[in-house]
Amino acid sequence: MAAVNSSKKRILIGDDDPGMRLALLIRLRANNYEVCCAGDGLSVVAEARKHRPDLILLDLGMPSGDGYTVLNMLQGEPSEAQIPVIVLSARDRASHAERSVEAGAALFLQKPVETEVLLAAITQALATSELTPN
């Protein structure tokens, strides 16, 4: 059953795998989120600036700037630094979870991720960002 999201939050998916982008897009739209996508690091930053998403789902391994480069670029702009980022990566959690959070991510989730876990993480990150003063 799809969750009701009355505020229609916008989520940017940054992942170089077209199949992953499509799977996430389907899951998120089914749960009433607006979705935009980017397939490389520089495009993620450009889309974030253009669309001002409420949240970003970010893969670490992408061309034209990996996830850490993207986090660094977003943290460099005050308005973009306010956007919560959930790193969604197949990379080893032990090696990358702490580093991701230190780089500015709200959370680290390891692929594959169950829909319920992803949606709970999104809800948590959005709620936290709404409580944080700009």
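Every value quoted in this text rests on a predicted model; they were computed, and no experiment measured them. Only this structure's heavy atoms are used, side chains among them; waters, hydrogens and symmetry mates stay out. All residue numbers refer to positions in the sequence shown, counting from 1.
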Exercise. How far does CG of Asn31 sit from NZ of Lys9, to the nearest 0.5 angstrom?
Worked result: 15.0 Å

Problem set entry | Spacing of Leu55 atom CG and Tyr33 atom OH [to the nearest 0.5 Å] | 8.0 Å

Please determine whether residues [X] and [Y] belong to a single hydrophobic cluster, defined as Ile, Leu, Val, Met, Phe, Trp and Tyr linked transitively by side-chain heavy-atom distances below 4.5 Å.
X      : Y      : answer
Leu57  : Met73  : no
Val101 : Leu109 : no
Met62  : Leu74  : yes
Val44  : Leu107 : no

Problem set entry | Heavy-atom neighbours of Gln75 CD exceed 12 at 6.0 Å |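 Atom CD in Gln75 is crowded, with more than 12 foreign heavy atoms closer than 6.0 Å.
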
Kindly give the heavy-atom pair with the smallest separation between [X] and [Y], and that separation in Å.
X     : Y      : result
Tyr68 : Ser100 : OH-OG, 3.6 Å
Leu71 : Val85  : CD2-CG1, 3.8 Å
Arg52 : Glu80  : NH1-CG, 3.4 Å
Glu47 : Cys36  : OE1-CB, 4.4 Å
Leu60 : Asp66  : O-CB, 3.1 Å
Asp16 : Pro63  : CB-CD, 3.6 Å

For this session: Say whether, by atom type as modelled, one donor and one acceptor occur between the side chain of Ser129 and the main chain of Leu126 under 3.5 angstrom.
Result: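 Between the backbone of Leu126 and the side chain of Ser129 there is a qualifying donor-acceptor contact (under 3.5 Å).
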
Problem set entry | Any donor-acceptor pair under 3.5 Å from Gln110 side chain to Leu88 backbone | no

Exercise. With sequence neighbours left out, what residues match Asp40 under side-chain hydrogen bond (donor to acceptor under 3.5 Å, both in side chains)?
Worked result: Ser43

Side chains of [X] and [Y]: does their closest heavy-atom pair fall under 4.5 Å?
X      : Y      : result
Arg21  : Leu25  : no
Ile122 : Leu28  : yes
Ile86  : Ile56  : no
Leu24  : Leu118 : yes

Problem set entry | Sidechain N-carboxylate O distance under 4.0 Å for Lys111, Asp59 |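 Salt bridge flag = yes for Asp59 with Lys111.
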
Exercise. Pick from Val87, Leu42, Val45: which one makes a side-chain contact (heavy atoms from CB on, under 4.5 Å) with Val70?
Worked result: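 Only one option passes, and that is Val45.
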
Exercise. For residues 27-39, which residue pairs qualify under salt bridge (charged side-chain N to carboxylate O under 4.0 Å, His left out), counting only residues two or more places apart or in two chains?
Worked result: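 Sorted pair list: Arg10-Glu34.
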
